[in-house]
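A short write-up of the structure that comes next.
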2 protein chains.
Amino acid sequence: MDSAVARERVLDAAEELFYGRGIQSVGMDAVRGASGVSLKRLYQLFPAKEQLVEAYLERRDGRWRGRLAAFVELRPTPEERILAVFDWLEEWFGEEGFRGCAWINSYGELGATSDRVAAQVRAHKRAFADYLASLVAAAGRPAALAGPLFLLAEGAMVTAGITRSTRPAAEAREAARLLLDPR
Amino acid sequence: MDSAVARERVLDAAEELFYGRGIQSVGMDAVRGASGVSLKRLYQLFPAKEQLVEAYLERRDGRWRGRLAAFVELRPTPEERILAVFDWLEEWFGEEGFRGCAWINSYGELGATSDRVAAQVRAHKRAFADYLASLVAAAGRPAALAGPLFLLAEGAMVTAGITRSTRPAAEAREAARLLLDPR
DNA sequence: ACAGGGGGAGAACGTGCGTTCTCCGGGTGG
DNA sequence: CCACCCGGAGAACGCACGTTCTCCCCCTGT
């Protein structure tokens, strides 16, 4: 098996397991079993578990933001694009196996012990906040709107994860609409 | 040493350690060392670590909501009381050793593996949401306001924890003010 | 004074897991 | 055909940690 293919299989398995059950409760042996890649090769690709965790978060970051941006760009106007973020959250929350925000969960699990994981979580959240800010700027709205929209989105992610419901997305969207169009 | 005193010492130590470093990375031996209570007694009081974790979350829940309510009740009018929640969050975020919301963190760490912890997190968040709803009702505002305020507060807690900043509280407060007083 | 027992200190035990090592088969170049 | 080596399977190792056990001191009641 090609090295690149093995790497992808390992990351696929790691993502499913880490996201679904938490990082600390998944052993490297489970990653091996789910990926079909032997421990020897696994450790050649990722010399320690922490590096596998980093690679998992990094690849998921790219995909997550890519999916969001692709969804948002389908909307024609800048105003609609801002609200589309919350529509996408609702879709995401409704997906089978949704278990909250991978970065918030990882931060709860490892933020206090692993600086690298903590830094990656901060980078991901900063990127998401910056993306929201860019949408707000593109719509010609005051930059101060971006912060509250970000907080609504974060609150919705946490709450959807804990309550296993898609409803927070709709609530957040409605609040965002009110902030954008004060009556 | 009295049993009740030992119990309090154990819970004090557990709270400091679990909240500060995460639950899984704190061994029972560390709790013993920090509390000065022998392992034998510790296991008489809490027959397993999970029960200590539950007791920690439960005691913290009572104290947390008590502190919030006490702060809020200092404000004379129902409108001010709603915003006071965010003022209190800002104070809390600024405290030495603040590391985000203990329940959100615990959920990230154990939500997928421990049903009892997950249930306790849900109960705590429901209680907080209900409290916000009661403040909204007392102010004679539409009940639909409570959800967004809750999401803002949750988003602020997560973001303050990750970024180690008190700023999200002020942002959330300002957004809450706009939702309450649309111009 | 002394028998008894509750509690402290910490060793011991079992398990899980991150990481490494061993062994072996099978493909490859000469 | 044969030496060689890459990679797979999984045993082995070391450590951490949850939990239990042992030993002993000290307090108490008589």
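Chain naming here is simple, since letters A, B, ... match the order of the sequence lines and numbering starts at 1 in each. Every value quoted in this text rests on a predicted model; they were computed, and no experiment measured them.
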Less than 4.0 Å between a side-chain N and a carboxylate O, is that true for [Y] and [X]?
X	Y	result
E90(A)	R173(A)	no
D12(A)	R9(A)	no
R141(A)	D181(A)	yes

So F150(B) and F128(B), would you call those rings parallel, tilted or perpendicular, with 30° and 60° as cut-offs?
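Tilted.
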
Within this structure, what is the CD-to-C1' distance between Q44(A) and dG8(D), rounded to whole angstrom?
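Checked: the CD to C1' distance equals 11 Å.
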
Rounded to the nearest angstrom, tell me the gap between atom CG in L52(A) and atom C1' in dC17(C).
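To the nearest whole Å, that distance equals 14 Å.
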
Atom [atom1] in [X], atom [atom2] in [Y]: separation rounded to 0.5 Å?
X	Y	atom1	atom2	result
K49(A)	F18(A)	NZ	CZ	5.0 Å
L110(B)	N105(A)	CG	CG	11.0 Å
W88(A)	R75(A)	CH2	CZ	13.0 Å
I104(B)	Y107(B)	CD1	OH	11.5 Å

In B/S/- notation, 5' to 3', how is nucleotides 9-24 of chain D contacted by protein heavy atoms closer than 4.0 Å?
-BB------SBB----

Mind grabbing the angle between the end helix axes of the helix from dA1(C)-dT30(D) to dG30(C)-dC1(D)? Five pairs an end, 10° rounding.
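Rounded value for the end-axis angle: 10°.
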
